[in-house]
Engineer: 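Below is one structure. I have some questions about it.
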Amino acid sequence: MLHRYGVRALLVDLADLGQVRAVDDALRADPLPGTLDVVPAARTVLVSFGSPGARAAGERGLARRVADATARSAPVVGRPAQTRQDPTAASSTPEPGATASGAPLPSTSPPVTSVPAAPVVELPVRYDGPDLAEVATLTGLDVEEVVRRHLAGRYTVAFGGFMPGFAYLSGLDPLLHVPRRDTPRVRVPAGAVAVAGEFTAVYPAATPGGWRILGTCDLPLFDVRRTSPALLPPGTSVRFVRVGSA
C-alpha cells in the first residue's frame, strides 16, 4: 500500500523483509526522477523527493515498481518483529522530505545510486552476555548450541535506525527468536551483541534497551572520523566470529 508522507515523500507498506529488500534494490538500481533518498525499514520503504511536483510525478511510477518488485521477491524466513521507537521494537524510522512546479531536481541535490555488492563484514564477539543462559532456557537449547546457531547465521543489514550505526540484522536462526525483556535495561553497554524477535544487532553506543544480550563486540560500528561513519549500511552482509572465551 502506498501512502503520501508529507508533501515530498511516499511511504510503501510491505508484507515482509523480502519485499522490502526487493523494492529497495529496485529503486536504487533505477531511481525514480527527482528521488532524494530511499529509506528501508522493517516493513516499509520511504521514498523522498526534491519537490512536491517530483513526488506527484513519481507516484504512479513507484506503484508500478513496487508491484513488479514484490512479484519477484522471495519471503525472508521469520515473522517481522513489532515496530516503533527503540531497537527493542525493531523500529522503522522514516524521515520525510518537501515545489509544486514539478521542475527537475537541482543539480545540487544528491542522486540515489545503485549500491554495489559489498564483502562480508566479520564482527568479533565474545559470548559473555548476561542473557545467554536465559536465551538458552527460552529456546530449550543449551548455551553452546545458542552460540553455535548465532555464529552459523549469515546476516544482512535489513535497515538502520534507533541510533547512529545501529543495524538490524536479518537472518537469525528461527530457534533464536526470543521476545524482548519485560523490563528494559537502563543502560546497555556499547558493543553488546543482542537478539530480539527475528533480528540480531550490536549496540554502537551505551543506551537504554531491552534486547537480550548474548555477548560483546569491540569493533566500533559508528565513527564520525571515517569517510562512511556507519560500518554496517543497509544491504551489508555480516558474519559473527567467536573470539576469546565465554
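Quick note: residue numbers are just sequence positions, from 1.
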Engineer: How long is the gap from CG on L14 to CG on D16, to the nearest 0.5 Å?
Structural biologist: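 The CG atom of L14 sits 8.0 Å away from the CG atom of D16.
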Engineer: Can you measure from CH2 (W211) to CZ (F162) and round to the nearest 0.5 angstrom?
Structural biologist: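 So the CH2 of W211 and the CZ of F162 are separated by 10.0 Å.
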Engineer: Using modelled atom types only, decide if a donor and an acceptor are shared between the side chain of H3 and the backbone of D13 within a distance under 3.5 Å.
Structural biologist: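 Side chain of H3 to backbone of D13, a donor-acceptor pair under 3.5 Å: no, none is there.
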Engineer: Is the shortest distance from a Lys or Arg side-chain nitrogen in E144 or R148 to a carboxylate oxygen in the other one below 4.0 Å?
Structural biologist: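 So E144 does not pair with R148 through a salt bridge.
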Engineer: Say whether D173 and H150, considering side chains only, have a donor N or O and an acceptor N or O under 3.5 Å apart.
Structural biologist: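 Per modelled atom types, D173 and H150 side chains form no pair under 3.5 Å.
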Engineer: Using the rule given for ring-ring contact (aromatic ring centres under 6.0 Å, His included), can you reason through F222 versus F166, listing the C-alpha separation, both sets of side-chain angles and the distance that settles it, and then say yes or no?
Structural biologist: CA-CA 8 Å; F222 189 82; F166 193 99; over 10 Å; no
Engineer: Just wondering, are more than 12 heavy atoms of other shown residues or ligands nearer than 6.0 Å to CZ in R154?
Structural biologist: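 Buried by this count: over 12 neighbours within 6.0 Å.
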Engineer: With rounding to the nearest 0.5 angstrom, report the OG to OH distance, S170 to Y155.
Structural biologist: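 Going from OG on S170 over to OH on Y155, the span is 10.0 Å.
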Engineer: Measure the spacing between CZ of R185 and OG1 of T207 and express it to the nearest 0.5 Å.
Structural biologist: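 It is 13.0 Å, given to the nearest 0.5 Å.
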Engineer: Run through V193, V188, L221 and flag the one making a side-chain contact (heavy atoms from CB on, under 4.5 Å) with Y203.
Structural biologist: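 Only match with Y203 under side-chain contact (heavy atoms from CB on, under 4.5 Å): V188.
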Engineer: Any salt bridge between R28 and D24, counting N to O under 4.0 Å?
Structural biologist: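 Answer for the salt bridge query: yes.
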Engineer: Looking only at side chains, do T216 and D128 share a donor and an acceptor under 3.5 Å apart?
Structural biologist: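 There is such a pair (donor and acceptor under 3.5 Å, judged by atom type) between the side chains of T216 and D128.
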Engineer: Within this structure, what is the CG-CG distance for the pair D25 and L27, rounded to the nearest 0.5 Å?
Structural biologist: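 If we round to the nearest 0.5 Å, D25:CG and L27:CG are 9.0 Å apart.
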